[in-house]
Amino acid sequence: MSKRVYVSKAAAVATVTVAALALITVIGMIIFHNIRTKECPHLLQTTFPPTTTSTPTGPPPDMRLPGDLIPESYKIYLQTHLYLNMTGIENQNFDFTGNSTVKFKCVNATNTIYIHSKGLDLTLIGVADEKGKEMATHQVQLVEDERNFVTIELVDSLRVDGLYYLSTAFKGQGFHQSGLSVAHYTGEKNEERFLVFSQMEPSDARRVFPCFDEPAMKAIFNITIIHRKGSIALSNMPQKDQVEMDIDGEEWLITEFHPTKKMSTYVLSFIVFNFESKETNYGSYTLKTWARPEVVSAGLVDYAHSITGNILDFFEEYTGIKYPLGKLDQVGIQGFEARGMENWGLIMYSEGILTYNEEVFTTTEKGIAAIVIAHEVAHQWFGNLVTMKWWNDLWLKEGFSTYMSYLAMDRVEPGGNMKDLISVQEIQATLGMEVLVAEQHLTTKEEDIQSKSDINSLYNIIIYNKGAVVLRMIAEFLPEGVFQNGVQSYLKANQYSNAETQNLWSHLQMAVDNASFDIAVAEVMDTWTQQSGYPMITINTTSGEVSQEHFSLDTDKEQTNRTWKVPIKTMKSDSEVIELFLLTVEGPVSNPAYLCNENEWILASVNYTGYYRVNYNPENWEKLLQQLETDHRKIPTRSRAQLIDDAFTLARKGKVNRTLPLRITKYLLKDTEFIPWESARKYLENIILMFDRTEVYGTIKAYVRKLVGPLYDHFENFTWNSSIPDSCTAQLNQINAVKLACAIELPKCQKMAADLFEQWRKSPTTNPIHPNLRPTVYCSAIASGGELEWDFAWEMLQTSPINQERERLMEALACTKHVWILNRYMLYALDPDYMQFIDIVPVIGYIAKNVIGHSLAWDFVRSHLNSTKPPKMIGFVLIDLISHRFSTEYELQQIKEIQAQEDGKSYGSDILEKISEKIRSQIKWMEENKQTVSQWFQKEASQGSSPE
Ligand SMILES: *[C@@H]1O[C@H](CO)[C@@H](O)[C@H](O)[C@H]1NC(C)=O
Ligand SMILES: *[C@@H]1O[C@H](CO)[C@@H](O)[C@H](O)[C@H]1NC(C)=O
Ligand SMILES: *[C@@H]1O[C@H](CO)[C@@H](O)[C@H](O)[C@H]1NC(C)=O
Ligand SMILES: *[C@@H]1O[C@H](CO)[C@@H](O)[C@H](O)[C@H]1NC(C)=O
Ligand SMILES: *[C@@H]1O[C@H](CO)[C@@H](O)[C@H](O)[C@H]1NC(C)=O
Ligand SMILES: [Zn+2]
């Protein structure tokens with residue numbers, strides 16, 4: 001499954017009245033989507049629920065099936081009674097009914113059958129032995145217990161190695177959020193439409209039919225779906241047969257599918273719907289991409305459809321194993337909760353992931369589509385073909401698919417350097433996040449993961465992102481091809497079966513041994529998977545010594561006894577050779593290869609392959625700095641990004657001089673690559689946020705203008721013509737250039753934006769602005785314009801049928817510099833005639849981001865905090881957003897006052913305490929940095945005038 005994204009707005013509104021803490025997450029996610037993803041749009045980040053260190057409340061460790069009985073195959077009849085065309089929920093029929101026979105083998109004599117079922121109305125048809133002889137039952141308990149088991153006690157014991165059949169009939173009362181769900185959407189003529197789809201992961205197949213619902217209980221599934229005439233039914237496998245039948249005076253279709261491969265229950269899948277598809281036959285399989293008919297006919301799934309075949313091709317080659325199912329369907333569903341779900345042969349996505357066209361969507365959105373599709377296709381091997389034995393090894397499928405999705409990117413955008421984005425999107429993001437979340441290991445003990453909430457808690461940044469980057473670390477440390485060989489043998493040995501983390505390491509070890517390379521894979525990797533956090537390594541080029549220490553932003557949390565086996569790749573200025581070294585102790589240990597002569601520098605974690613931070617002695621930092629200034633291309637692009645990110649983070653901890661990262665940014669005058677710029681942009685924007693209300697802002701602005709000027713010029717021809725360069729990363733960097741230039745009011749950027757916007761205003765039916773540039777151009781034109789520009793954008797917001805466009809406009813409207821217009825915008829946002837109620841959250845958030853609107857938003861929130869509309873929780877979420885800029889004791893005091901009023905109400909206190917903590921760290925940063933940082937900027941600004 002792909003990481004979950006925000007809940008739909010409608011769903012969020014419905015939740016407003018429900019439990020408070022859940023709400024924070026829901027709303028937090030909406031905000032995150034609307035605001036944070038705008039801030040760093042190409043980042044594929046998702047919020048993760050904060051990992052809380054709660055006391056264990058899970059049931060006792062007996063939630064697991066006993067393992068005496070192993071399923072071999074199922075025969076399932078499933079009838080969905082929903083009317084796809086019916087308007088009015090009251091006329092609908094939300095029932096599903098059916099029956100199921102499971103054939104299982106007894107491996108340990110027992111007279112009790114335990115099988116999973118949840119919320120089903122069950123009837124026992126019977127238990128029979130291989131010859132069809134009925135077995136007498138003694139006691140039958142068909143209402144599930146807290147483990148979701150139903151139990152059937154037999155009079156006679158089941159024989160070891162005997163085969164048996166258990167048949168039940170079931171009825172589901174309505175549809176749930178998972179298991180079988182109903183999606184409710186609007187048709188072409190705005191009519192109400194319905195479809196039924198399944199979402200089983202991690203453990204909801206048991207909500208559809210009784211089954212041995214654990215990932216290692218793989219079986220063959222023979223599925224027949226009975227659905228209303230006029231609808232289409234799909235499942236994992238191709239259709240085998242279809243007949244029409246009259247049942248109780250209504251017309252039905254009975255669609256039978258080919259038996260599946262041996263597979264886990266959590267990737268079973270069904271859908272009954274009325275969509276259309278694009279289809280391509282690739283010989284060994286047919287690919288169909290499904291969406292609402294109007295979406296398909298508008299060509300919106302063409303891009304997704306066209307890249308999927310290439311991606312699948314890549315994985316067939318990489319794994320050496322052909323895709324085995326003969327068909328792959330992928331479906332885009334409005335309101336689907338995750339970005340994607342990898343069901344074997346029937347992948348489901350949130351509709352937005354599958355839709356793209358050049359006229360409306362940005363490069364960022366295109367990139368997200370590609371990477372999510374690659375992730376789900378990767379799962380067809382990593383997860384579906386070879387499955388983790390139990391959920392404690394979830395990272396085996398999620399970390400792998402996250403890593404693999406980047407490898408596939410060259411097939412999607414040849415020459416686009418998309419693969420390199422892993423450095424900012426995964427490595428940097430994870431290094432930054434892991435120090436903020438509660439401690440968690442990549443792998444967990446099997447017995448510690450029992451309940452569904454244990455399992456759900458694993459869908460987080462550690463499992464996905466850290467899993468991906470530690471795999472990449474080892475893959476890149478081994479000689480070319482060795483990792484791939486190991487992966488191929490791991491998949492081949494475990495296909496149609498299950499594996500544990502140690503199985504992966506032993507196959508990698510075999511590949512390593514075959515290549516006569518020397519490393520103990522499991523020993524090394526265990527230090528990364530079985531403890532949390534990561535190290536900072538320090539190389540001293542004078543002494544030739546290297547050491548490691550646990551890295552944390554908070555010195556109190558640093559563990560002195562924690563060490564890793566750290567694979568280190570280094571290069572030196574005068575040599576083509578990449579040195580490999582495995583640091584296994586805390587050190588310092590001496591490595592003569594790390595000694596540098598006077599003119600030499602060393603660079604570690606070459607190409608950003610390590611999951612750790614790197615520090616050097618000051619002399620080496622200076623030499624690297626000089627190299628960046630004289631010829632930055634001698635340092636690989638990804639390493640430049642790392643130097644920037646590490647320098648800013650190490651400076652924050654006082655591990656390097658506080659001005660070092662700023663001095664490094666100076667070389668960016670000559671760099672036009674996306675990844676280094678992206679690394680710097682995040683920090684520069686944060687400095688602007690901290691200082692934009694202070695007296696030094698002028699000099700900061702002057703410096704950033706000087707820096708971004710050449711980058712802006714580099715893309716200027718494209719920008720003026722509202723076109724984009726060829727390569728994806730160049731497109732992303734054009735966005736950065738224009739965004740940063742307009743944000744610090746570079747006059748030519750402002751003029752470009754105003755002109756393009758004016759062209760649009762004069763003929764609103766043809767928008768001449770490239771989608772990539774729209775967010776910035778709208779914002780800048782509205783910021784430098786007046787009522788006229790604002791009113792036009794407001795009108796476009798009211799009339800645009802395109803969601804993405806409306807979100808851009810909603811954000812841009814908050815960019816005006818006129819306080820009265822901002823005030824009016826806030827009133828409009830509260831008026832149900834104009835906007836949905838839930839839009840108040842992003843709107844206030846956007847207004848707070850504008851330095852002019854900041855105090856306005858703050859006043860608004862404080863004055864409404866005790867009213868019922870908007871609900872208080874939204875108020876807290878808004879306080880969180882607004883306080884991103886807070887960095888004074890006075891501001892902290894204001895939060896404390898609110899905290900005092902909330903005293904005792906735990907949900908409010910929790911979030912307010914987090915906010916206070918954040919402000920305290922911002923105050924601390926200001927105290928430690930304000931003087932040095934402002935002096936540095938002053939000095940820089942005074943040297944040479946800034947352009948224009
Ligand atoms: C499912 O189909 C397979 C292949 O046709 C068959 O061998 C198996 O017995 C079937 N399972 C059941 C429970 O009917
Ligand atoms: C299961 O349902 C199908 C379709 O309604 C029916 O044909 C079949 O006889 C049922 N099987 C059992 C064992 O009741
Ligand atoms: C078989 O079941 C018995 C009783 O539940 C249990 O003690 C034993 O460990 C089981 N053996 C296997 C191989 O699962
Ligand atoms: C839904 O309506 C369309 C046209 O209105 C019709 O062709 C189709 O058969 C209907 N589908 C179902 C399942 O009733
Ligand atoms: C590097 O090693 C030299 C020689 O041992 C030592 O004098 C110096 O302090 C070390 N530098 C750092 C930053 O540890
Ligand atoms: Zn996944």
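Sequence positions, counted from 1, serve as the residue numbers for this chain. One-based numbering, in listed order, for ligands and for the atoms of each.
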Less than 4.0 Å from atom 2 (O) of ligand 2, is there any heavy atom belonging to the protein? yes
2.8 Å cut-off met by an N, O or S atom of Glu398 to the Zn ion (ligand 6): yes
Check: Leu660 main-chain N/O paired with Trp621 side-chain donor or acceptor under 3.5 Å: no
Would you mind checking which non-hydrogen protein atom is closest to atom 13 (C) of ligand 2, with the distance to 0.1 Å? Ile125 CD1, 3.9 Å
If you scan protein heavy atoms around atom 5 (O) of ligand 5, the nearest is Ser543 CB, 3.5 Å
Would a search of protein heavy atoms around atom 7 (O) of ligand 5 find one under 4.0 Å away? no
Using the rule given for side-chain hydrogen bond (donor to acceptor under 3.5 Å, both in side chains), can you reason through Gln242 versus Thr255, listing the C-alpha separation, both sets of side-chain angles and the distance that settles it, and then say yes or no? CA-CA 4 Å; Gln242 186 174 64; Thr255 306; 2.8 Å; yes
Would the Trp391 and Tyr266 ring centres measure less than 6.0 Å apart? yes
The residue among Thr541, Asn540, Thr570 that forms side chain to side chain contact (heavy atoms under 4.5 Å, CB included) with Tyr594 is Thr570
What's the shortest distance from atom 10 (C) of ligand 5 to any protein heavy atom, and which residue and atom give it? Asn540 ND2, 2.3 Å
Check each heavy atom of Ile226 against ligand 2 and say whether those closer than 4.0 Å belong to the side chain, the backbone, both or neither. side chain
Partner of Tyr349 under side chain to side chain donor-acceptor pair (under 3.5 Å), picked from Arg339, Glu376, Gln330, is Gln330
If we ignore angles and hydrogens, is there a donor and acceptor under 3.5 Å between the side chains of Ser573 and Lys623? no
Looking only at distances, please establish whether an N/O atom of ligand 2 is found under 3.5 Å from an N/O atom of Asn99. yes
Can you spot which of Glu250, Gln79, His81 makes a side chain to side chain donor-acceptor pair (under 3.5 Å) with Arg228? Glu250
Rounded to 10°, the NE2/His379 to the Zn ion (ligand 6) to NE2/His375 angle comes out at 100°
